[in-house]
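What follows is a single structure, written as structure tokens, with notes after it.
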Amino acid sequence: MNDSSRPTLLLIDGFSMAFRAFFALPVENFATSTGVPTNAVYGFASMLATLMKEHAPTHAAVAFDLPGGTFRTERLPSYKGTRDATPPEFEPQVPLIREVLDALGVAAVDKERYEADDLLATYARLGREAGMRVLVVSGDRDTIQLVTEDVTLLYPRKGVSDLVRFTPDAVVEKYGVRSDQYPDLAALVGETSDNLPGVPGVGPKTAAKWIGVYGGLEGILDNAEDVPGKAGQSLRDHVDQVRLNRELNHLVTDLEVPLTVEDLEYRGADAVAVHQVCDALQFRTLRERLLPLVTSDSAEHVPEEPDEVEVVTDGALAAVTALSGPVSLHVEGRTGADADAWAIGVSTGDQAWGIDLTALSAAEETSLRAWLEDDAVAKTLHGAKDGWHALMARGIDLAGITGDTQVGAFLVNADQRGFDLASVLQRYLGVTATGGTAGDELDLGLDASAAHAAGSTAAHVGRLAAELDAEIERRGMTSLYREVEIPLIGVLARMEHAGIAVDRERLGERADGARARADLAAAQAYEAIGGEVNLGSPKQLQEVLFERLGMPKTKKIKTGYSTDASSLADLQAKSPHPFLEALLAHRDAAKLGQIIETLAQAVREDGRIHTTFSQVVASTGRLSSKDPNLQNIPIRTEEGHRIREAFVVGKGYETLVTADYSQIEMRIMAHLSGDEGLIEAFRAGEDLHRFVGARVFGVDPDDVTPEMRSKVKAMSYGLAYGLSSFGLARQLSVPVGEAQAMMDDYFARFGGVRDYLRTVVDQAREVGYTETILGRRRYIPDLTSTNRQRRDIAERVALNAPIQGSAADLIKKAMLGVDVALRDQGLASRQLLQVHDELVVEVAAGEQDAVETILTEQMHAAGDLSVPLDVNVGKGSDWRAAGH
DNA sequence: AGGCCCTCGTT
DNA sequence: GACGTACGAGGGCCTA
């Protein structure tokens, strides 16, 4: 099969694969600093590098479609007619791909009036006849017909890196017909992407069956009268369509080709051209993967791949425990409820070791534990918190975490997707992990043992850390990384490990109440329309509201008209109906019931809920919480609020204490803007919204009505989110003019805020990023987008990121301060939760006053702002009572 | 089973 | 023509 003596011809459908790459890689993450999108180029080049390396073809060509029609559209103008227009970001990448091909020395071919597939078909035949092994790479199913013993199709399953090999056997297995019969099958079934309808009621199974019985399409059509059943009648009704389909899906194999097969010989890349192209496209890691394709005679300055670090397992324990750091560490294991660790890997850069934890004697484990728990041994991991949990399951309290390549990669660019090790290695080192997709267990090959794999991974993490440290330093985020994010890992790990106690009975009561209210509301809703519908189905609700009841249309959404709460409230105002009222009540109760159910099912055997906090999700730098999310427990409605009564102080502790920042984002805005009026308001300690309301409406603070206050409050917060007068008007249900007037008045009194908001966006556009108080950067390339909508969104992001991000910085610093203070004072009380501007602490007996003091002091001390940071503290036996 | 859409909870 | 940040989670529903 892999006989290397035969020449190999690699044939690629350029558009098809570039298109796949375009949709596989988010365009917003791939652009040059000048805003040229490069995701399709990147994905295509990456795929090509892999193919060249794996298959080492002697000949290669990439075929392109040309603009304008083909003989197929001449025959049938609607051919491929349903295809959406290509996205504007895609088009400009096609010439770039041709440039890359040129640099790599890979032939690009095209032909007027024919599709790339026809060129592939013709070259496949020519290659076959020349005795070559042929590989066709295409995402177009029509190319299945090319498969023979000599021609293998590589068809993308997902993205462009996951290619399925279609050999003759694989085609039969997948479709139940031979590759040469596939066009017959496709003609019957139809091809949506080509806008060729098939025979209604006939799917691949039926088509394959018929082909088996009658030997092929001709046989089927000759015997059409005898084909039984409904499908048979359907076939007879669509014979013309089927014939047309078959005519169009036949690929031309005898084209006059622009280059001979011999001309396609691959002679290798041109080093200078590859460097030029990579410079222009700002490809860093891809450069390293493309350069090996350079032929030896032009390869003078090609840096060599660093040698794979040798992994030692024999005598690893003794070697590792003798190390005093710094090292990179990898833990093979699971996190979560069934946490466990079974192997670790350690690397110093020159050398790596792997240790099987399951095979250690008691004495060995003691010695390893001492090393892992030694704070003086500096360790860098990828996802250190996960490693901590896995080791904690074995009673090991990992210490000395001084680096985390996952957190580091997030700081470098928070808007990228995927911070699992495989993705980050790929991104920064160009290392491709095999076996399993990103996110799955990483397998860098070599040896099957977990210990060996751990050692190899540790070595990779070490190389990654060196790269990322430099990137972080370049961006001025070293102190944020070393002094905030890294120390926070241990704090979060302990919070997750502690969990928060839940009173299951109380939770059960709330669930019962919600269920009863939901049932009642549902009954009333059915009564109101004289029948049952699924109240949880927006689709069915649309049918009831807008068709059966003929209500006025609400705002448009992708699938019709919205049935969300605000739309329903509008409807109720315009055309009152008992159904609407019951529906809203049902929504409310059902949602609560659902939340409670999720929480109840998350309670572990210890009677506590252990959420998982992530430092690498929210681009602004906030934490996120999941499984379950404890940062969105209801508070606004009475019934929702009562859920918090089920979060209680645990056994052995006395109270829960909550401490939250008062109006933290407004204070940060006052600080960042330096607006004297706003700063004065906070310094005076007045009610902010009353103070602002007085200025905006030109009345005495005492004369600010509750209504004025709430309007001003909405506006103040809205400004930090980039709210428009339109949005404010809608939120306040006032005319746009009134909202605009309010904003004008606001800016007239608080000019510093207006100037700040303007400056922050302009500066971000200039330098490409925003920055928080602690120097956290967020890159926002869309600020220079020519697409109005994208740019508008980017501007709102730029407004909000420094404010929300600075608030995140401050509370993270506060958490570190609280942690240190609790420890320094030898207290048993512990932090349990963080909800963006609030901390929840479980207080041990006799520590109440000390804890309250620590919280207040540390939260105050987190920021040195031009306005005071107010902190509210509350206590109680449950979360609701502790709140305020 | 997996993914998209809608809806909705928090800050 | 759109128009407020940042998330996570569940159900419905379509596709594979």
Side-chain angles (χ1 to χ4, degrees), chain A residues 157-158 174 192 203-204 414-415 533-542 555-568 583-584 586-599 601-602 611-614 616-637 639-641 643-644 660-661 663-666 714-731 736 739-740 770 778 780 787-805 807-808 811 833-838 883:
Chain A
R157 176 164 32 199
K158 199 184 153 202
K174 168 108 183 171
T192 334
D415 283 286
V533 292
N534 184 344
L535 298 175
S537 164
K539 197 181 164 205
Q540 294 183 32
L541 289 178
Q542 285 182 40
K555 74 174 176 216
K556 246 187 146 54
I557 55 174
K558 282 187 184 166
T559 53
Y561 299 94
S562 177
T563 67
D564 68 13
S566 77
S567 300
L568 294 180
L583 174 57
L584 280 165
H586 177 265
R587 275 264 178 84
D588 201 43
K591 178 75 179 178
L592 278 183
Q594 187 192 83
I595 290 172
I596 296 163
E597 181 48 45
T598 309
L599 289 174
Q601 164 254 312
T611 186
T612 300
F613 290 107
S614 177
V616 297
V617 170
S619 321
T620 52
R622 272 188 178 178
L623 295 179
S624 78
S625 156
K626 66 170 190 163
D627 295 331
N629 182 354
L630 293 185
Q631 291 179 323
N632 71 342
I633 304 303
I635 194 168
R636 287 176 193 171
T637 64
E639 269 309 309
H641 198 172
I643 294 176
R644 295 184 176 219
D660 68 320
Y661 281 121
Q663 295 156 337
I664 180 89
E665 295 191 342
M666 283 296 104
M715 177 167 61
S716 293
Y717 279 102
L719 289 175
Y721 295 141
L723 187 67
S724 63
S725 56
F726 177 93
L728 181 64
R730 200 180 53 176
Q731 192 187 317
V736 177
Q740 185 61 55
T770 60
R778 181 166 182 191
I780 313 177
N787 178 321
R788 169 75 180 278
Q789 197 179 344
R790 290 175 73 112
R791 202 172 61 242
D792 282 350
I793 292 171
E795 289 181 356
R796 289 194 292 272
V797 165
L799 280 183
N800 180 250
I803 298 172
Q804 192 181 115
I811 194 155
L833 301 179
Q834 186 252 49
V835 192
H836 310 309
D837 66 358
E838 171 189 7

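Worth knowing before you read on, the calculation uses all heavy atoms, side chains too, and leaves out hydrogens, waters and symmetry mates. The chains referred to below are lettered A, B, ... by the order of the sequence lines, with proteins before strands, and numbering in each begins at 1.
Nearest nucleotide to the A:Asp588 side chain, out of B:dT10, C:dA6, B:dG9: B:dG9. For A:Pro634, taking side-chain heavy atoms from C-beta onward, the closest of the listed nucleotides B:dC6, B:dT10, C:dT5 is B:dT10. The side chain of A:Ile557 approaches B:dT7 more closely than any other nucleotide in the set B:dT7, C:dC3, B:dC8. The side chain of A:Thr598 sits closest to C:dG10 out of C:dG10, B:dC5, C:dC3. Of the candidate nucleotides C:dG4, C:dG8, C:dA6, C:dG8 has the atom lying nearest to any side-chain atom of A:Asn629.
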Can you pull every protein N or O that's under 3.5 Å from an N or O on nucleotides 13-16 of chain C?
{"from": "C:dC13", "atom 1": "OP1", "to": "A:Ser537", "atom 2": "OG", "distance (Å)": "2.5"}
{"from": "C:dC13", "atom 1": "OP1", "to": "A:Gln540", "atom 2": "NE2", "distance (Å)": "3.3"}
{"from": "C:dC14", "atom 1": "OP1", "to": "A:Lys539", "atom 2": "NZ", "distance (Å)": "2.7"}

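Remark: A:Ser619 is not in phosphate contact with C:dA6, judged by side-chain N or O atoms under 4.0 Å from OP1 or OP2.
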query: Going through the distances and angles, do A:Lys556 and A:Tyr561 end up as a side-chain hydrogen bond (donor to acceptor under 3.5 Å, both in side chains)?
result: CA-CA 5 Å; A:Lys556 246 187 146 54; A:Tyr561 299 94; 3.3 Å; yes

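In terms of polar N and O atoms assigned as donor or acceptor, the side chain of A:Gln804 comes within less than 3.5 Å of the base of C:dT5 in a complementary pairing. You'll find a donor-acceptor pair under 3.5 Å spanning the side chain of A:Asn632 and the base of B:dG9, going by distance alone.
For the segment residues 620-628 of chain A, residues with any heavy atom less than 4.0 angstrom from an atom of DNA chain C are, sorted by number, A:Thr620, A:Arg622, A:Ser624, A:Ser625, A:Lys626, A:Asp627, A:Pro628.
The stretch residues 792-801 of chain A participates, sequence neighbours left out, in these side chain to side chain donor-acceptor pair (under 3.5 Å) pairs: A:Arg765-A:Glu795, A:Arg788-A:Asp792, A:Asn800-A:Gln804.
The distance between atom CD1 of A:Ile596 and atom P of B:dC8, rounded to the nearest whole Å, is 17 Å.
Side-chain contact between A:Thr612 and A:Ser614 is absent, with no heavy-atom pair separated by less than 4.5 Å.
Nucleic acid contact for A:Lys558: sugar-phosphate only, since backbone atoms but no base atoms lie under 4.0 Å from a heavy atom of the residue.
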